[in-house]
**Student:** 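Before we start, here is the structure in question, set down as structure tokens.
Quick note on labels: first sequence line is chain A, next is B, and so on, each numbered from 1.
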Amino acid sequence: MTEAVERLTKKSEDPSRWYLDLIRMAKLADYGPVRGTFAIRPYGYAIWERMQRDLDDRFKATGHVNAYFPLFIPESYLKKEAEHVEGFDPEVAWVTRAGREDLEERIAVRPTSETIICDFYSRWIHSYRDLPVLINQWSNFVRWEKVTRPFLRTTEVLWQEGHTVHATAEEAREETLRMLDVYKDCFYETLAIPVLTGIKSPSERFAGAVETFTCEGLMGDGRALQAATSHDLGQNFARAFDITFLDENQERVYPYQTSWGFSTRAVGAVILVHGDDRGLRLPPKIAPTEAVIVPIWRGKNKAEVRKEADRLYSELKDSGIRIEADFDEEHSPGWKFNEQEIRGIPVRVELGPRDIEKDQAVLVRRDTGEKEFAPRKGLPERMRDLLEDIQKNMLRQATDFRDANTRSTEDYEEFKEIIAKKRGFVVAPWDGTEETEQKIKEDTKATIRLLPFEREEGTDPVSGKPGKTAIFARAY
RNA sequence: CGGGACGUGGCGCAGUCUGGUAGCGCACUCGGCUGGGGGCCGAGUGGUCGCCGGUUCAAAUCCGGCCGUCCCGACCA
């Protein structure tokens, strides 16, 4: 193999460096001048756009509408919900000066929008007839992080945040879980990432929430990543912002709220879950380009191959496949193969003189590297099937990896051993106290990623007291 | 925010110890031959050596400060 390929650090050797190499080489993002800021380059943004569209469709299908709220939040608003301020205070960026004047009141650049949206809701909601409010916004937020990595932890983040208001606690809880499922479906069906879902322990709960639910993915290096969260806010914010409505009994009461978010961090998750030593691997559903045609030509038959490749391109494009053709004459086919593997394009279509002669094309799938000679006739249909199979297979591979790296134990020595040497998810009973949670974190750096919905009784490996299932892992 | 490493064309690096005309590979531009796994030959473009100050006839190189990045730890989606 040539040196250019070798320059992508092996995933197994140094996952951290591999990740950064890959992002640069696949042109997904580039560093900005202010620490933790990044440009999302066109290819990376195209992946995000596909995720956006998928989620947005799911939001619309569940009755939500989009809106947009201000980026700037007065300090006084942020302070209204006590736990909320405390949680976000260390990472809020403040505007204290505008033009040539100092501001009377500091203005926060939103670290999340609960407070400003609640202010509007207190003006918009008067009656039970105004409920439920089911609003989502696509936006950005700023959190001044100390350690940053492209997509996974950045100073400015693109995301969506849903903010809903309901008449009853039951409805709000239902909504919280509905949106958790929406995320879960998106991860499984579209991103091919088999996330686990469950409840956050109190210490990991969103600042100001009654209950936080999470989607947790297992990355290729055995560390967990919180990929999306859905919060049941109860009446905490309604009380703080004085959101009230007259119910059917003519009584003035506080409504119940939820919020839920999914960010560009998911792009990082896709890279970490699916990428390999050759580069990125994209599930077809979020691949901006599903397949690329590489013509194989020699001087004498260039025109003929070009003509046939053009025909094939049109045919595939007309059938709805997101197809590209690489007619660049500077690079050799081998160069193009490698380039497309780094970019994670699901299928490569080779077309050369021998193929034209045999009335076929060569299909090579990125997920397994398998090569097949497909008859020219019916190629669009074959491609469709192949793409579907790749999508399924990538979910299967990721699920196998997750299952192979999920281990149960009630023995603390074994627990520590697993986290230290193998990582992955560890399933163990937890006695529900912050002390044992803290001790495990100190000993192993592992945290409770979630409490499953179905929990079994057992013995907490640390305290020896009765406990119920929790899932631990070292997290990003 | 602590411990360590590193900042030299777009990327990866050498040169720094021992001060003396800024180099290499890749990328990029032009020409030609090539083309089924990162091809070959030739000719070119591109750098105030992270920033500020000091020492010196002379600083990428020595000294001081600052900034940034990466890795390992404490906090977070």
**Student:** Under a 3.5 Å cut-off for both contacts, is U45(B) paired Watson-Crick or G-U wobble with anything, and if yes, with which nucleotide?
**Tutor:** none
**Student:** Applying a 3.5 Å limit to both distances, which nucleotide forms a Watson-Crick or G-U wobble pair with U18(B)?
**Tutor:** none
**Student:** Test the Arg223(A)-Tyr476(A) pair against the cation-pi criterion, namely NZ or CZ under 6.0 angstrom from the six-membered ring centroid and within 45° of the ring axis.
**Tutor:** yes
**Student:** Under 3.5 Å for both donor-acceptor distances, Watson-Crick or wobble: does G38(B) have a partner, and if so which one?
**Tutor:** none
**Student:** Less than 3.5 Å between a donor and an acceptor, one on the side chain of Glu339(A) and one on the base of G38(B), is that the case here?
**Tutor:** yes
**Student:** Could you please name the option among G36(B), C1(B), G38(B) that lies closest to any side-chain atom of Asn338(A)?
**Tutor:** G38(B)
**Student:** Quote, to the nearest angstrom, the P distance that separates C51(B) from G68(B).
**Tutor:** 15 Å
**Student:** Indicate, with a heavy-atom threshold strictly under 4.0 Å, whether Pro90(A) touches base, sugar-phosphate, or nothing.
**Tutor:** nothing
**Student:** Pick base, sugar-phosphate or nothing for Pro353(A), based on heavy-atom distances below 4.0 Å to the nucleic acid.
**Tutor:** base
**Student:** Tell me which nucleotide, if any, is Watson-Crick or G-U wobble paired with C26(B) when both distances must be under 3.5 Å.
**Tutor:** G10(B)
**Student:** Judged by each residue's nearest nucleotide on RNA chain B, which is more toward the 5′ side, Glu442(A) or Thr155(A)?
**Tutor:** Glu442(A)
**Student:** What integer number of Å spans the C1' atoms of G44(B) and U48(B)?
**Tutor:** 23 Å
**Student:** To the nearest Å, how far apart are Arg24(A) CZ and G10(B) P?
**Tutor:** 14 Å
**Student:** Can you tell me, in whole Å, how much space there is between the C1' of A27(B) and that of C17(B)?
**Tutor:** 32 Å
**Student:** On a whole-Å scale, what distance lies between the P atoms belonging to G46(B) and G37(B)?
**Tutor:** 37 Å
**Student:** Looking at Met179(A), Arg173(A), Glu175(A), which one forms a side chain to side chain contact (heavy atoms under 4.5 Å, CB included) with Leu177(A)?
**Tutor:** Arg173(A)
**Student:** Go through the steps to decide whether Leu28(A) and Leu280(A) satisfy the test side-chain contact (heavy atoms from CB on, under 4.5 Å), and finish with yes or no.
**Tutor:** CA-CA 10 Å; Leu28(A) 296 171; Leu280(A) 187 57; 4.2 Å; yes
**Student:** Starting at atom CD of Glu91(A), determine the distance to atom C1' of A74(B), rounded to an integer number of angstrom.
**Tutor:** 14 Å
**Student:** Starting at the 5' end of nucleotides 67-73 of chain B, put B wherever the base has a protein heavy atom under 4.0 Å, S where only the sugar-phosphate does, and a dash everywhere else.
**Tutor:** --SSS-S
**Student:** Quick one: closest heavy-atom pair of Tyr77(A) and Ile116(A), and the distance?
**Tutor:** CD2-CA, 4.3 Å
**Student:** Identify the nucleotide, in any strand shown, that forms a Watson-Crick or G-U wobble pair with U61(B), with both distances under 3.5 Å; if there is none, say none.
**Tutor:** none
**Student:** Quick one: look up who G73(B) pairs with, Watson-Crick or G-U, both distances under 3.5 Å, and put none if it's unpaired.
**Tutor:** C1(B)
**Student:** Please report, rounded to the nearest Å, how far the P atom of C76(B) is from the CZ atom of Arg143(A).
**Tutor:** 11 Å
**Student:** Centre of Tyr43(A)'s six-membered ring, under 6.0 Å away, within 45 degrees of the axis: is that where NZ or CZ of Arg343(A) sits?
**Tutor:** yes
**Student:** Whole Å only: how far is the NE2 atom of His331(A) from the P atom of C28(B)?
**Tutor:** 5 Å
**Student:** For the pair made of CD in Glu329(A) and P in G35(B), what is the distance, rounded to whole Å?
**Tutor:** 13 Å
**Student:** What's the gap between A58(B) and A14(B) when it is taken at their C1' atoms, as a whole Å value?
**Tutor:** 23 Å
**Student:** List the steps and the verdict of side-chain contact (heavy atoms from CB on, under 4.5 Å) for Arg366(A) and Arg278(A).
**Tutor:** CA-CA 10 Å; Arg366(A) 178 66 179 84; Arg278(A) 304 181 79 86; 3.7 Å; yes
**Student:** Leu152(A) near the nucleic acid: base, sugar-phosphate alone, or nothing, with a heavy-atom cut-off under 4.0 Å?
**Tutor:** base
**Student:** What's Ser230(A) touching, base or sugar-phosphate or nothing? Going by heavy atoms closer than 4.0 Å.
**Tutor:** nothing
**Student:** Determine the contact category for Ser332(A): base if any of its heavy atoms lies under 4.0 Å from a base atom, sugar-phosphate if only primed atoms, P, OP1 or OP2 are that close, otherwise nothing.
**Tutor:** sugar-phosphate
**Student:** Give me the one residue out of His231(A), Lys200(A), Glu204(A), Arg205(A) that meets side chain to side chain donor-acceptor pair (under 3.5 Å) with Thr212(A).
**Tutor:** His231(A)
**Student:** Looking at every strand, decide which applies to Gly352(A) at a 4.0 Å heavy-atom threshold: base, sugar-phosphate, or nothing.
**Tutor:** base
**Student:** Quote, to the nearest angstrom, the C1' distance that separates A22(B) from G64(B).
**Tutor:** 25 Å
**Student:** Can you tell me if the side-chain N/O atoms of Arg298(A) get under 4.0 Å from OP1 or OP2 in G35(B)?
**Tutor:** yes
**Student:** Taking atom C1' of C33(B) as reference, at what distance in whole Å does atom NZ of Lys302(A) sit?
**Tutor:** 11 Å
**Student:** Between C75(B) atom C1' and Tyr476(A) atom OH, what is the distance in whole Å?
**Tutor:** 18 Å
**Student:** With P as the reference atom in both, quote the distance from C41(B) to G50(B) in angstrom, rounded to an integer.
**Tutor:** 33 Å
**Student:** When the C1' atoms of U45(B) and C1(B) are compared, how many Å lie between them, rounded to an integer?
**Tutor:** 45 Å
**Student:** Cut-off 3.5 Å, no hydrogens considered: what does the side-chain donor-acceptor table look like for residues 283-295 of chain A, sequence neighbours left out?
**Tutor:**
{"unit_1": "Thr289(A)", "atom_1": "OG1", "unit_2": "Glu324(A)", "atom_2": "OE2", "d": "2.8"}
{"unit_1": "Glu290(A)", "atom_1": "OE1", "unit_2": "Arg322(A)", "atom_2": "N", "d": "2.8"}

**Student:** Under 4.0 Å between any heavy atoms, over every strand shown, what does Lys27(A) touch: base, sugar-phosphate, or nothing? Just pick one.
**Tutor:** nothing
**Student:** Tell me which one of Leu55(A), Thr229(A), Thr214(A), Thr197(A) satisfies side chain to side chain contact (heavy atoms under 4.5 Å, CB included) with Tyr183(A).
**Tutor:** Leu55(A)
**Student:** Rounded to whole angstroms, how far apart are CZ on Arg205(A) and P on C76(B)?
**Tutor:** 14 Å
**Student:** Test your reading of the model: is there a side-chain donor-acceptor pair from Ser230(A) to the backbone of Phe213(A), 3.5 Å cut-off?
**Tutor:** no
